[in-house]
Each structure stands twice: as structure tokens, then as C-alpha cells.
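To keep things clear, I will list the structure first and then write my remarks on it.
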Amino acid sequence: NIYLYPRFHSAVAEELEVNPPLVEELHQTLTPKMKDIQDHLKMAVRAVMRELKAKSPMVDFSVFLSGSDGSKKRKKTDYTNVGKMGKKTEDDSKTDFAISLEQCITTNFDRVISRQLDGDWHRLSFKVKQLVKDLGKLRQLFHHLIHYDSIDFLNFLQGIQAMNAVCME
């Protein structure tokens, strides 16, 4: 026999309706060095996305561009403005990435882009795949910077350095 009990008694629910709990949100400001790290991470995200745009013109970056209305429509210039060998053309300078800090923290860049590339993942170069993984690491760095203390953040950075040193050998 299975007995299913309510998650909490009705008396508790009634009491919470009569006297709702007071919730206070506390925010800790970032130190100046943490703000510098955030700015540098944001610049790194922009650089990786520029390089990814040059290497893989099939990615739709309209979600990340400034002034984007979030619509799913693709403009013709989104895919045709990359010149030969990834050089910038005249239209490319108009669609420069102006990513806000909130977008860097809240948007899952790597997941959005990898979902766009899922159908062609097997045809992508190693460099493009590595750039998508780099976006994931940068997103993790944003998360660790805000949610963990400085020692854990340093340990995470040293772990990344150690992994890269092993891969380079």
C-alpha cells in the first residue's frame, strides 16, 4: 500500500497565506579586481565570438548583436558579410558585438551556438569546435567568479592552466 501525504499540512498553508514571510534580498558588491576580471572575461567572449563568426559563417549571431529584437528572422547580411579568409568587409564592422555584461552572465553562448551547429558538427574544423568549448569555459569562469570565493576561483583557473599545459605537450 502506498500512502500519499500532502507536502505540508493545510494549517501551514493557511498560516503562510495569512502571514506571508518577509524576504529580504542581500547583494554583495564586487571588488574592483572582480570587476576587472569580469571586464576581461567579457572582452574574451567578444574576441572568441568574432573569431567564431569568421571561421563559421553559418552561425546566427543575431541573438548576441546589439539592437537585436530577438526575432528569428535571418538577414541576408548575417551570412554574406564575411570576406575571404575571414577578413572583415564593410558590412562586418556594422555588426560588431556589443555584448552587455548581463548577456555574458545569463546567456548560455556555448549551448546556443552548439545547438545551431549540431547538424553540421561532424563537418566543422577542430578550431571551430574548440572555440565553442572556449565559450563554455568562459561562461564557467563568469559563474565561478560570482558564486565562489577567491581561493576556489584561483584553484579553478590553475586547473584550466594545468589542463591546457597537458594539451599543449
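Position 1 is the first residue of the sequence; numbering continues from there. Keep in mind it's a predicted model, so treat the numbers as computed, not measured.
Distance check, rounded to the nearest 0.5 Å: NZ of Lys133 to NZ of Lys137 gives 10.5 Å. Taken to the nearest 0.5 Å, the CZ atom of Phe142 stands 7.5 Å off from the CD1 atom of Ile146. Atom OG of Ser56 sits about 5.5 Å away from atom CG of Leu124, to the nearest 0.5 Å. The line from CG of Leu131 to OG of Ser125 is 8.0 Å long, rounded to the nearest 0.5 Å. Note that CG of Leu135 and CG of Leu52 are 6.5 Å apart. Values are rounded to the nearest 0.5 Å.
Side-chain atoms of Ile160 and Asn164, non-hydrogen and from C-beta on, do get closer than 4.5 Å to each other. Residues Ile37 and Leu41 have side chains in contact (heavy-atom distance under 4.5 Å, counting atoms from C-beta outward).
For Lys129, there are no side chain to side chain donor-acceptor pair (under 3.5 Å) partners two or more places apart in sequence or in a different chain. By the salt bridge (Lys or Arg N to Asp or Glu O under 4.0 Å) test, Lys127 pairs with Glu51, sequence neighbours left out. Scored by the side chain to side chain contact (heavy atoms under 4.5 Å, CB included) test, Asp120 finds Met58, Arg123 as partners (sequence neighbours excluded). With sequence neighbours excluded, the residues forming a ring pair (Phe, Tyr, Trp, His ring centres under 6.0 Å) with His144 are Tyr148, Phe156, listed by chain and number. Taking the side chain to side chain contact (heavy atoms under 4.5 Å, CB included) definition, one finds that Gln158 meets it with Leu154, Asn155, Gln161, sequence neighbours left out. For His122, the ring pair (Phe, Tyr, Trp, His ring centres under 6.0 Å) test picks out no residue, with sequence neighbours left out. A search for side chain to side chain donor-acceptor pair (under 3.5 Å) contacts involving Asp152 returns nothing, not counting sequence neighbours. Residues meeting the side chain to side chain donor-acceptor pair (under 3.5 Å) test with Lys35, sequence neighbours left out: none.
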Could you give the side-chain donor-acceptor pairs of residues 22-33 under 3.5 Å, partners two or more places apart or in another chain?
residue : atom : partner : partner atom : Å
Thr31   : OG1  : Met34   : N            : 3.2

Report all side-chain donor-acceptor pairs from residues 11-20 shorter than 3.5 Å, counting only partners two or more places apart or in another chain.
residue : atom : partner : partner atom : Å
Glu15   : OE2  : Asn19   : ND2          : 2.7

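Remark: His143 NE2 is packed, more than 12 non-hydrogen atoms of other residues, nucleotides or ligands lying under 6.0 Å away.
With respect to Val132, the side chain to side chain contact (heavy atoms under 4.5 Å, CB included) criterion is satisfied by exactly one of Val48, Val112, Ile113: Ile113.
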